[in-house]
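To start, the structure under review is shown below, and the notes come after it.
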Number of protein chains: 2
Amino acid sequence: MATIEDVARASGVSKGTVSSVFSKKRPISREVTERVMAAAKSLNYKPNYWARSLASKATRIIGINIPGEKFKFSQFHLSLLNGVLGVCYDNGYRLLVNTLPLSYLNRTEHLSTDPIDGEILLDPQTDDPRIAERLTGEMPVVVIGRPAPEFENRVAYVDNDNVGMTVETTRYLLGLGHRSFLFLNAPAHRTVADDRARGFLAAASAAGIPEASRRIVYKPDADSSSLDFGYETTLRALREEPDISAVIADTDTMALGAYKAAESLGIRIPDALSVLAFSDDSVFSPEFAPPLTGVRLHAERLGREAALLLLERMREDDKTVKRTIVPTDMVIRSSCAAPTLPYGGIHS
Amino acid sequence: MATIEDVARASGVSKGTVSSVFSKKRPISREVTERVMAAAKSLNYKPNYWARSLASKATRIIGINIPGEKFKFSQFHLSLLNGVLGVCYDNGYRLLVNTLPLSYLNRTEHLSTDPIDGEILLDPQTDDPRIAERLTGEMPVVVIGRPAPEFENRVAYVDNDNVGMTVETTRYLLGLGHRSFLFLNAPAHRTVADDRARGFLAAASAAGIPEASRRIVYKPDADSSSLDFGYETTLRALREEPDISAVIADTDTMALGAYKAAESLGIRIPDALSVLAFSDDSVFSPEFAPPLTGVRLHAERLGREAALLLLERMREDDKTVKRTIVPTDMVIRSSCAAPTLPYGGIHS
DNA sequence: AGTATCTATTAAACCGGTTTAACGAACGGT
DNA sequence: ACCGTTCGTTAAACCGGTTTAATAGATACT
């Protein structure tokens, strides 16, 4: 492919002039501009992205990173992505999925800076080396979700009010009369699982629910199916402790697992078991039988706000640490009801 | 950030030696390697990605491109992405979402080569300038979906057998006794819509179905909601032509729209209306009421095969044009049945 | 001992752009 | 006619790596 040199030679001007014609960072006469453009067109010339990035120290690419090996994007990530992409699109940025195996990154021959101007980190964990690493470099970063406590005031992030949201939903269930819960939580090492557990436990213990009746089970890890986890955990829990009258699920897919477990035990929802999910805004939740009550997290907006925060941070060289909390909305449908049996009663 | 020069100076060797220590493309003595690595560590040095790309003419990034302005990734795209990402992950490639507004790309100051080694093009259209453009450059490309006829033998692609699959499903419905159809198709300019329309029409006219009874409606365009499109189109069609006893939907979301239309007209599925979808492998289709009959397209596998094909093409400099057809599986659940009314009968 | 071979290292050229500093020409003001 | 600007252009330095060609030193071969 033709280089800037070729174009310069063909149109009888210097490299610098051709550069200015394309970058438009300096005025060039109408006549010369036309001559250069004509030469460029006939040579099929386009400026080389890498050379340009090297010289101008900017790539107009932002990265998005997910921890963990061999991950897959979930429904929730999809909405996040769409939010981020919308902002990228509006601002002329490309989006790089910047996750590689550690076994790859750790090899000397692959060690390098990242090919991006800034990065969004997803799914922060309680012990998450990514943030510290990005901060020692000068890479602008925005986290989606609450980072570990030692970084909460050192890195920008976007999150829902997970604690508050969980308190609210737990109170809702308490208000309906529930006294024994199963909480299907996110994987244990993720900060979001922590926040939700805290909210749940706070609300439950404030209402005098004994420890045995607020059972929390953490999803083993990313690669296991949410559906299966929801199904099997609910099945086991209901067998071991028939008192349980309400299941709080991390996602709508997990909730679906709970539905299936209830069905296979012959337990009706919401009559004998209430189910609720911190769901994404899936088009399907209203179609569950019965329609699923849950909380809208506005994943797309989380993504959008994160991208906006990142671009702002990249633009100004202002190291102010900003935070955005995206509100959640509880959507009451028909999967929760007052428990039919009084506290202490037994199913079947 | 420290450069290779700094490291060379600090460890008392030349730039070239430092380069070789990191790239491992040439042997360096144990002793020198250690000295260089020590200096690099103390300076917190990492090779610069863009300088490296410029010199070595490779980025280890592959792109994925979707046509159209302000698109959003769908469920189907999510599965594709996961398939592509799995291959990227295994092979040490990053994935760049390489879609930008035309209004951005067309401006002189943004014109440039793409920062990638190869690209996957999604959702090919009947008149799609992307392929021709990539071919004139030397960018390796794989298309997911059938490209326009003039490129079918010039570019590698991965696809389902959309024609065959549609013939099969149409025959299935014909076999149940249906004689009047509504086909909710993908947007008209996409080649997949073409293929499916062809398969449907071929099967229907071979069975002697008159033209008026094989109605095809194309989704207006990407930004409209599939759910709404399915709902409104089905509603209108059933009102205009109560004969219709089967709806074939492009996606499960569209099918859900058809379900809702049926519900609001008081029509029961599958008794009075059969619905079928070329669905993705959504976990939710089995949960529809009634469970949705459809076709598995194996989106994740489409993504995987495309990525593998692309890497192969990038590795060897072999311009052989390869094609991969991923098989589809029809999954019969309970949303289709023999129509209750004889051909020519009228609802309500 | 003399030559051929192999190894590790280096200086310099190169990848393809951007940017700085210098400069001549045209312009405006007095 | 002279000076101070402004404008458009250029040569050269620079961004931070890789690669080539040359070289010195060690090893092997006869």
Side-chain angles (χ1 to χ4, degrees), chain A residues 1-37 39-40 43-61 108-117 137-138, chain B residues 1-37 39-40 43-61 108-117 137-138:
Chain A
M1 179 151 282
T3 75
I4 202 172
E5 274 281 358
D6 301 330
V7 177
R9 207 173 306 122
S11 50
V13 297
S14 73
K15 278 170 55 171
T17 303
V18 178
S19 175
S20 302
V21 167
F22 278 93
S23 69
K24 293 200 170 163
K25 291 194 180 166
R26 204 187 345 246
I28 296 292
S29 68
R30 168 156 222 73
E31 184 218 5
V32 171
T33 300
E34 278 166 10
R35 220 165 66 224
V36 169
M37 291 304 279
L43 291 170
N44 191 26
Y45 167 78
K46 288 180 176 188
N48 179 300
Y49 204 100
W50 314 317
R52 184 174 263 190
S53 299
L54 174 58
S56 59
K57 295 172 175 302
T59 63
R60 293 198 79 84
I61 296 177
T108 314
E109 63 269 40
H110 295 136
L111 186 69
S112 75
T113 59
D114 282 319
I116 50 182
D117 295 340
E138 51 266 24
Chain B
M1 179 151 282
T3 73
I4 201 172
E5 273 281 357
D6 302 329
V7 176
R9 206 174 307 122
S11 50
V13 298
S14 73
K15 280 170 53 170
T17 304
V18 178
S19 175
S20 302
V21 167
F22 278 92
S23 69
K24 294 199 171 162
K25 292 193 181 169
R26 202 188 348 244
I28 296 292
S29 69
R30 168 155 222 71
E31 185 220 4
V32 172
T33 299
E34 277 166 10
R35 219 165 65 223
V36 169
M37 290 306 279
L43 290 170
N44 191 26
Y45 166 77
K46 288 179 178 188
N48 179 298
Y49 204 100
W50 297 101
R52 184 174 264 191
S53 298
L54 174 59
S56 59
K57 295 171 174 304
T59 62
R60 294 199 76 86
I61 295 177
T108 315
E109 63 269 41
H110 296 136
L111 186 70
S112 74
T113 59
D114 283 318
I116 50 182
D117 295 341
E138 52 266 24

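First the proteins, then the strands, lettered A, B, ... as listed; each starts at 1. All values reported here derive from a predicted model rather than from experimental measurement.
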**Request:** Would you mind reporting whether A/Phe22 and B/Thr108 have side-chain heavy atoms less than 4.5 Å apart?
**Result:** yes
From [options], pick the nucleotide closest to the side chain of [X]?
{"X": "B/Val32", "options": "C/dT9, D/dG16, D/dT18", "answer": "C/dT9"}
{"X": "A/Arg26", "options": "D/dT18, C/dT19, D/dG16", "answer": "C/dT19"}
{"X": "B/Pro27", "options": "D/dG17, C/dT18, C/dA8", "answer": "C/dA8"}

**Prompt:** Tell me, for nucleotides 23-28 of chain C in 5' to 3' order, what letter each nucleotide earns: B for a base near a protein heavy atom under 4.0 Å, S for only sugar-phosphate near one, - for neither?
**Reply:** ------
Phosphate OP1/OP2 of [N]: any [X] side-chain N/O under 4.0 Å:
{"X": "A/Tyr45", "N": "C/dG17", "value": "yes"}
{"X": "A/Ser14", "N": "D/dT10", "value": "yes"}
{"X": "A/Lys57", "N": "D/dG16", "value": "yes"}
{"X": "B/Ser29", "N": "C/dT9", "value": "yes"}

For [X] and [N], give me the distance from atom [atom1] to atom [atom2], rounded to whole Å.
{"X": "A/Asp6", "N": "C/dG16", "atom1": "CG", "atom2": "P", "answer": "9 Å"}
{"X": "B/Ile4", "N": "D/dT19", "atom1": "CD1", "atom2": "P", "answer": "11 Å"}
{"X": "A/Lys25", "N": "C/dG17", "atom1": "NZ", "atom2": "C1'", "answer": "11 Å"}
{"X": "A/Glu5", "N": "D/dA11", "atom1": "CD", "atom2": "C1'", "answer": "12 Å"}

**Message:** Regarding C/dG17, can its base be found pairing with the side chain of A/Lys15 as donor and acceptor, where the two atoms are less than 3.5 Å apart?
**Reply:** yes
**Complete:** Of B/Ser20 and B/Trp50, the one whose nearest nucleotide on DNA chain D sits closer to the 5' end is B/Trp50
